[in-house]
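Remember, it's a predicted structure, so these values are computed and weren't measured experimentally.
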Amino acid sequence: MTKLAIMGAMEEEIEPLLSHFKDVNIVEFANNKYYEVNYNGLDIVIAYSKIGKVFASLTATTMIEKFGCDTLLFSGVAGAINPKLQIGDLIIADKLCQHDLDITAFGHPNGFVPGGSVFVETSKELRDVATQVANENDLKVIVGTIATGDQFVHSTERKNFIESTFKADALEMEGASVAVVCDALDIPFFVLRAISDSADMDAGFDFDEFLKSSAVNSANYLIKIVEKL
Ligand SMILES: CCCCCCN(CO)Cc1c[nH]c2c(N)ncnc12
């Protein structure tokens with residue numbers, strides 16, 4: 001029986017999801033709250049990790065190892081790199097990388113450490129469900145590469161580095177760490193983001209203005225995907 005983990009980084013990314021469920025049981029653990037619900041016979045654990053790769057790794061590992069989740073879906077917002085991505089647009093990750101992981105001093109490529117890989121792929125099965133839902137609901141969704149790093153990117157210089165180095169379509173601060181955890185624990189996972197800004201000098205203002213509406217875009221799509229699982 002599937003037990004689903006639904007994760008975000010910020011309360012604003014999870015709140016639109018939680019509002020769909022009643023009878024929520026709250027479990028406090030490791031300085032965080034885990035919300036347990038049952039939806040259409042599906043056991044689901046929902047949490048927001050707090051921002052960044054470390055918090056996201058802790059939450060993803062906890063949802064799998066402590067709560068026994070066997071599938072993990074991530075919903076949130078991201079900065080756009082691909083110019084086709086406008087604010088509010090949806091991107092599903094087919095693979096993710098860590099743009100701030102750097103031991104190039106030893107001749108390794110950006111995003112690589114021994115025993116790891118530059119890119120980690122998401123579940124094709126979950127992506128197929130998502131694209132079917134997008135088609136049924138006439139949703140425009142891009143499938144692409146998401147780059148993750150422990151920094152809010154707000155400069156075209158850093159954005160251009162990430163684009164040229166990883167050919168990434170969008171960027172954020174948690175997805176690739178969830179990918180490494182799920183890959184290591186052999187858990188199918190899926191990362192969905194809605195664009196809140198363009199990771200340029202206006203990113204801070206755009207993020208503040210569009211976080212809530214973009215988080216709702218992502219959450220509404222994710223709920224439709226959950227209903228297909
Ligand atoms: C209080 C400020 C919290 C910022 C958290 C942003 N999330 C991180 O996952 C997504 C995101 C949206 N736009 C971004 C950008 N330009 N750079 C990095 N990450 C992002």
Under 3.5 Å: donor-acceptor pair, side chain of S214, backbone of I195:
yes

Set of side chain to side chain donor-acceptor pair (under 3.5 Å) partners for T104, sequence neighbours left out:
D102

The complete set of salt bridge (Lys or Arg N to Asp or Glu O under 4.0 Å) pairs with one or both residues in residues 172-190, sequence neighbours excluded, reads E172-R193, E174-R193

Does any non-hydrogen side-chain atom of I91 lie less than 4.5 Å from one of V141?
no

Which salt bridge (Lys or Arg N to Asp or Glu O under 4.0 Å) pairs, counting each pair once, include a residue from residues 129-147, with sequence neighbours left out?
D89-K140, E136-K228

What pairs meet the ring pair (Phe, Tyr, Trp, His ring centres under 6.0 Å) rule with one or both residues in residues 122-147, with sequence neighbours excluded?
none

Per the side-chain contact (heavy atoms from CB on, under 4.5 Å) rule, which among I225, L72, L229 passes with L126?
L229

Considering only heavy atoms from C-beta outward, does the side chain of V37 approach that of I46 to under 4.5 Å?
yes

Quick one: do the S75 and S218 side chains pair a donor with an acceptor below 3.5 Å?
yes

Do M10 and V77 belong to the same hydrophobic cluster, where Ile, Leu, Val, Met, Phe, Trp and Tyr are linked whenever their side-chain heavy atoms lie under 4.5 Å apart, directly or via other members?
yes

ILVMFWY network linking V133 to I223, side-chain heavy atoms under 4.5 angstrom:
yes

First locate atom CG of L222, then atom CG of L192, and finally report the distance between them rounded to the nearest 0.5 Å.
6.0 Å

Can you tell me if N32 uses its side chain to pair, donor with acceptor, with the backbone of Y48 under 3.5 Å?
yes

Throw together a table of side-chain donor-acceptor distances under 3.5 angstrom for residues 17-24, partners on residues two or more places apart or in other chains.
from	atom 1	to	atom 2	distance (Å)
S19	OG	P16	O	2.8

Does any pair with a residue in residues 201-222 pass ring pair (Phe, Tyr, Trp, His ring centres under 6.0 Å), and if so which ones, sequence neighbours excluded?
F152-F207

How far apart are the closest heavy atoms of V191 and I146, and which atoms are they?
CG1-CD1, 4.3 Å

Can you confirm whether E121 is buried at CD, in the sense that more than 12 heavy atoms of other residues, nucleotides or ligands lie under 6.0 Å from that atom?
no

Which is it for V226 and Y39 under the side chain to side chain contact (heavy atoms under 4.5 Å, CB included) test, yes or no, and what are the steps along the way?
CA-CA 9 Å; V226 171; Y39 188 61; 4.0 Å; yes

Assess whether a salt bridge exists between D100 and K53, defined as any Lys/Arg side-chain N lying under 4.0 Å from an Asp/Glu carboxylate O.
yes

Measure across M173 and T148 and return the closest heavy-atom pair with its distance rounded to 0.1 Å.
C-CG2, 3.3 Å

Tell me, which pairs form a salt bridge (Lys or Arg N to Asp or Glu O under 4.0 Å) where one or both residues lie in residues 196-221, sequence neighbours left out?
none

Tell me whether F190 is reachable from L96 by hopping between hydrophobic residues (I, L, V, M, F, W, Y) whose side-chain heavy atoms are closer than 4.5 Å.
no

So which pairs with a foot in residues 121-144 pass ring pair (Phe, Tyr, Trp, His ring centres under 6.0 Å), sequence neighbours left out?
none

Check whether D150 reaches the backbone of G52 with its side chain - one donor and one acceptor, N or O, closer than 3.5 Å.
no

Taking every heavy atom of F189 against every heavy atom of C182, the minimum-distance pair comes out as CD2-CB, 3.5 Å

Calculate, to the nearest 0.5 Å, the distance between atoms CG and CD belonging to N110 and Q98 respectively.
11.5 Å

For residues 51-100, the ring pair (Phe, Tyr, Trp, His ring centres under 6.0 Å) pairs (sequence neighbours left out) are Y34-F67

With rounding to the nearest 0.5 angstrom, report the OG1 to CD distance, T156 to E163.
11.0 Å

Other hydrophobic cluster members with V54, side-chain heavy atoms of Ile/Leu/Val/Met/Phe/Trp/Tyr under 4.5 Å, chained?
none

Got a sec, which residues hit side chain to side chain donor-acceptor pair (under 3.5 Å) with T122, two or more places apart in sequence or on another chain?
R127

Among Ile, Leu, Val, Met, Phe, Trp and Tyr joined by side-chain contacts under 4.5 Å, find the other residues sharing a cluster with F161 and list them by chain and number.
I81, F112, V118, F119, V153, I162, F166, L171

Kindly compute the distance separating CD1 (I44) from OG1 (T2), expressed to the nearest 0.5 Å.
10.5 Å

For atom CD of E11, is the number of surrounding heavy atoms from other residues, nucleotides or ligands below 6.0 Å larger than 12?
no

Does the side chain of V181 reach to within under 4.5 Å of the side chain of L185, using non-hydrogen atoms?
yes

Shortest non-hydrogen pair, P188 vs S123, comes out as CB-CB, 3.9 Å

To the nearest 0.5 Å, how far apart are NZ in K33 and OG1 in T59?
13.0 Å

For residues A170 and L85, report the shortest heavy-atom separation together with the two atoms involved.
CB-CD1, 4.3 Å

Any idea which heavy atoms bring G8 and I14 closest together, and the distance?
N-CD1, 3.4 Å

Would the number of heavy atoms belonging to other residues, nucleotides or ligands and lying under 6.0 Å from CG of N135 be above 12?
yes

Is any side-chain heavy atom of K224 closer than 4.5 Å to a side-chain heavy atom of N137?
yes

Ignoring hydrogens and angles, tell me if any N or O in the side chain of Q86 forms a donor-acceptor pair with the backbone of P83 under 3.5 Å.
yes

Could you tell me whether a side-chain N or O of K50 sits under 3.5 Å from a main-chain N or O of A56, the two making a donor and an acceptor?
no

